[in-house]
Trainee: 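The structure that follows is given in the form of structure tokens.
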Protein chains: 2
Amino acid sequence: MKTADQVLVKQINKMIVLNTIYKKRPISRAEIAKFTGLNKSTVSALVDELLTEELVLEMGTGESQGGRKPVNLSINKEVGNIIGIDLGVNYILSIMTNFAGEIIWEKRIDLLHTHTSPGQRIADLQTLIQETIENASQTVRGIIGIGIGVPGIVNYEQGLILSAPNLGWENIELRSIIEQKFGVPVFIDNEANAGAIGEKWFGAGKRADEFLYISAGTGIGAGIIINNELYRGSRGLAGEIGHMTVSLDGVPCSCGNTGCWEEYSSEKALFRYMKEHICVEDLTIFNVIDNAIAGDDVSRRAFEYVGKYLGIGVANLINAFNPQLVIIGNSLPLAGDILMDELRKEAEKRCFASKYFSVKILPSQLNIHACAIGAAALVISRLYASPVS
Amino acid sequence: MKTADQVLVKQINKMIVLNTIYKKRPISRAEIAKFTGLNKSTVSALVDELLTEELVLEMGTGESQGGRKPVNLSINKEVGNIIGIDLGVNYILSIMTNFAGEIIWEKRIDLLHTHTSPGQRIADLQTLIQETIENASQTVRGIIGIGIGVPGIVNYEQGLILSAPNLGWENIELRSIIEQKFGVPVFIDNEANAGAIGEKWFGAGKRADEFLYISAGTGIGAGIIINNELYRGSRGLAGEIGHMTVSLDGVPCSCGNTGCWEEYSSEKALFRYMKEHICVEDLTIFNVIDNAIAGDDVSRRAFEYVGKYLGIGVANLINAFNPQLVIIGNSLPLAGDILMDELRKEAEKRCFASKYFSVKILPSQLNIHACAIGAAALVISRLYASPVS
DNA sequence: AATTAGTTTATCGCATAAACAAACTAATTG
DNA sequence: CAATTAGTTTGTTTATGCGATAAACTAATT
């Protein structure tokens, strides 16, 4: 059983100090003590350890307010590099970040020709990771780890992909494959979970203890942040809300049921709407977004259609979770207010809580980088633990 | 900020010891040490404190397995009494429990004639609490506190009822009213939250870290247990899922929208179905349940109808929360398998996770007492903290 | 004699308060 | 204006208290 002792006390306080430096840098020891409530001497001792671990740096002095000048502390961005992978259905995005989550290199490869074998795709992934590593800068610790966001069902603890239907993957031990190849720690998580963590650490969710990240792309999934941490549920399947019933006898879904949310609010729904309304061209989602922004009528109405139904599902989730904030991510929100206005209108109308206060609904701040940055944050969070707002 | 120190360490470990005694009584110091991983001397010291606080008792010795006999420890059930109130729409149920959550006295008063004023109902409540107190047994600490479960929106921290439309209440400071009258600590929570806590402490949810308690009665609400604790959301409105959209252009709801779950799965829906199918009698929910169990055809089909739609919403919630367990409480599950069979069938069909493993869906173990026992558990949990499974 | 239960004692690690040293600003003084 | 002084802020050092622990102990039982 998880009992408490002094080791735990120190761990907690050290994480609090590190997170405080992370969030408020540059900051002095005295300010940390004031902000956290920890004693000055405690802060000094913990900061000393962080300095010898090279996670933190002293960077000059701040302005004096009538006394000794404070010593500015900041995190050591260059202590190591992290690789974050967004494993898309028809692309792979690889980013290299420093320890502050700042992107220092990135490359996206498109896989337009559907690969038949999982083996080929994994080979592509490995080649891309190799190239990313070769572009790393010189740091104290080198590559700290690799995080991978996957569109499918994942066993997070074991780094196992149970099922990724859009990739045609079943039971792939991705973590051990990549760990063996590159010899650094690897973390695998669901694409929506990675997006949520990305927004929590570096995006629109920084200051929210409780929020939902809705990944609206090929399908729909949710990453749930509760109490500043990702909530995975009892078996890691929390947030699999693509097949939430919103219309009892509605559109038939590939899952065998009818009226699944995904059939009304994903790229699938968008393209279906487009086809039903004259447009027969073979377009990518980015084409439709560009057209909508350029003012094309059918494209705009398609986004309004999808936005409305997104709003309905979002309202359902707000009623269930009562979050501070909902962040809409992945491809669809790239259409901007064309989608978001309709979404907000419908969500507000159907949201029980909106009688008492309004819930903020924002588009992703990290846009197409959300998943990859979140994957990198998976690695960082191992050292930082969970950020406290 | 919530930093860690030795006080925290002790609190945590003391709660672990108390909870272990609570769950495994009778148990010896040595067994506690083995089970928790705490050192023998630590356990002894903490048990000593619990003994002087009279929360725990030494009760004889256990069997020796070739050595000194262990001293059995148990909680002191008689340390004090707790009052739990289920404030129904047309009844008030008051129970008196001992410190082990065992009901030692109870009384239910029915309020068939609708009260016009909140004042009258509060007077009735106070009279009933007074009568309950008069029936308390002699204990060390007397009445430890009063817990109240309310069908409405509650501010838990302030003990404020924001809105209980079915009672005609708005902004009632129930905690301070009752605290001033009786001079003991009072805890107010939503009826579904209370039910969830009741099932967690004393019912079907004892061994589950994550579960949902669905209160299906006049309306529908959910109590959400995450990580052994009640999840209230950012503003205390989590679980307000009665107005989840399940049918885009479905039945109009009093809330102004269409297709709300509550319109398909509550007593409201049951009675609507009954009226639509010949039955014009003026029946209570208990009449319909009795008739269904006795084999009345319309009543049975009414429960099957409601069960199906309950299952759809339950599947939605399972997809979102991925709990270990779902408990169905309040009045409807009193119909037993007539309701539950249909519910389970539909939930399984629409539940994404059921492809990977099945989620248990059980009727409440505390039945009509769930809310009142949960209200009492609100008080107990202040001393025990959250139980660890 | 061996084993198990529970207590006592000495020790270690951590946070903390209080005392201290260092570094700086601002007001005062001749 | 330069020198002095008071006061403030930053950060370190030192002594203390508290909690968990291991080891040595007593107690009770087969």
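In what follows, chains carry the letters A, B, and so on, assigned in the order in which the sequence lines appear, proteins first and then strands, with residues in each chain numbered from 1. In this text the structure is predicted, and so the values were computed from the model without any measurement.
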Trainee: Does the ring centre of B/Phe321 sit less than 6.0 Å away from the ring centre of A/Phe321?
Mentor: yes
Trainee: Are B/Lys14 and B/Glu53 close enough for a salt bridge, meaning some N to O gap below 4.0 Å?
Mentor: yes
Trainee: Might you point out which heavy atoms bring A/Phe202 and A/Ala377 nearest each other, and give the distance in Å?
Mentor: CE1-CB, 3.8 Å
Trainee: Among pairs that include at least one residue of residues 1-25 of chain B, which meet ring pair (Phe, Tyr, Trp, His ring centres under 6.0 Å), considering only residues two or more places apart or in two chains?
Mentor: B/Tyr22-B/Trp201, B/Tyr22-B/Tyr384
Trainee: Which of residues 66-76 of chain B sit near DNA chain D, with a heavy atom under 4.0 Å from it?
Mentor: B/Gly66, B/Gly67, B/Arg68, B/Lys69
Trainee: A/Gln11 CD to C/dG13 C1': how many Å, rounded?
Mentor: 14 Å
Trainee: So for B/Gln6 and D/dC18, does any side-chain atom that can act as donor or acceptor lie under 3.5 Å from a complementary atom in the base?
Mentor: yes
Trainee: Before accepting this row, confirm whether a basic side-chain N of the pair B/Lys24/B/Glu31 lies closer than 4.0 Å to the acidic partner's carboxylate O.
Mentor: no
Trainee: Which residues in residues 40-47 of chain B have a heavy atom closer than 4.0 Å to any atom of DNA chain D?
Mentor: B/Ser41, B/Thr42
Trainee: Could you check whether any side-chain heavy atom of A/Leu18 comes within less than 4.5 Å of a side-chain heavy atom of A/Val56, counting everything from C-beta outward?
Mentor: yes
Trainee: Could you check how far CG of B/Asp48 sits from C1' of D/dG19, rounded to whole Å?
Mentor: 15 Å
Trainee: Whole-Å distance between C/dA17 P and B/Asp5 CG?
Mentor: 10 Å
Trainee: Would one find a side-chain N or O of A/Ser28 under 4.0 angstrom from OP1 or OP2 of D/dG11?
Mentor: yes
Trainee: Nearest whole Å is fine: how far is C/dT4 C1' from B/Lys34 NZ?
Mentor: 8 Å
Trainee: Calculate the interatomic distance between B/Glu63 atom CD and D/dT29 atom P; express it in whole Å.
Mentor: 11 Å
Trainee: Of all residues at least two apart in sequence or in a different chain, which pass the ring pair (Phe, Tyr, Trp, His ring centres under 6.0 Å) check with A/Phe182?
Mentor: none
Trainee: Mind running side chain to side chain contact (heavy atoms under 4.5 Å, CB included) on A/Arg25 and A/Leu73 for me, showing each step along the way?
Mentor: CA-CA 7 Å; A/Arg25 70 201 131 103; A/Leu73 298 169; over 6 Å; no
Trainee: In this structure, how many angstroms lie between the P atom of D/dA20 and the CG atom of B/Leu8, rounded?
Mentor: 11 Å
Trainee: Tell me whether B/Lys69 is salt-bridged to B/Glu63, with the criterion being a basic N under 4.0 Å from an acidic carboxylate O.
Mentor: no
Trainee: Take the C1' atoms of the five end pairs on each side of the helix from C/dA1-D/dT30 to C/dG30-D/dC1, get both axes, and report the angle to 10 degrees.
Mentor: 20°
Trainee: Determine: side-chain N/O of A/Arg29 to OP1/OP2 of D/dT9, distance under 4.0 Å, yes or no.
Mentor: no
Trainee: Name all residues meeting the side chain to side chain contact (heavy atoms under 4.5 Å, CB included) criterion together with B/Val186; count only those two or more places apart in sequence or in a different chain, and write none if there are none.
Mentor: B/Ile146, B/Ile148, B/Arg175, B/Ile178, B/Glu179, B/Ile188
Trainee: If you measure from the Lys or Arg side-chain nitrogens to the Asp or Glu carboxylate oxygens, is any gap between B/Arg235 and A/Glu210 under 4.0 Å?
Mentor: no
Trainee: Please state how far atom CG in A/Leu51 lies from atom C1' in D/dG11, giving the value in whole angstrom units.
Mentor: 13 Å
Trainee: Of the options D/dA22, C/dA15, C/dA17, whose atoms approach the side-chain atoms of B/Asn39 most closely?
Mentor: D/dA22
Trainee: Decide salt bridge (charged side-chain N to carboxylate O under 4.0 Å, His left out) for B/Glu58 and B/Arg29; before the verdict, give the C-alpha distance in whole Å, the side-chain angles of both, and the deciding distance to 0.1 Å.
Mentor: CA-CA 10 Å; B/Glu58 291 189 333; B/Arg29 291 169 176 81; 2.7 Å; yes
Trainee: Using a cut-off of less than 4.0 Å, is there contact between a side-chain N or O of B/Asn13 and OP1 or OP2 of D/dA20?
Mentor: yes
Trainee: Rounded to the nearest Å, what distance is computed from the CG atom of residue B/Leu38 to the P atom of nucleotide C/dG6?
Mentor: 15 Å
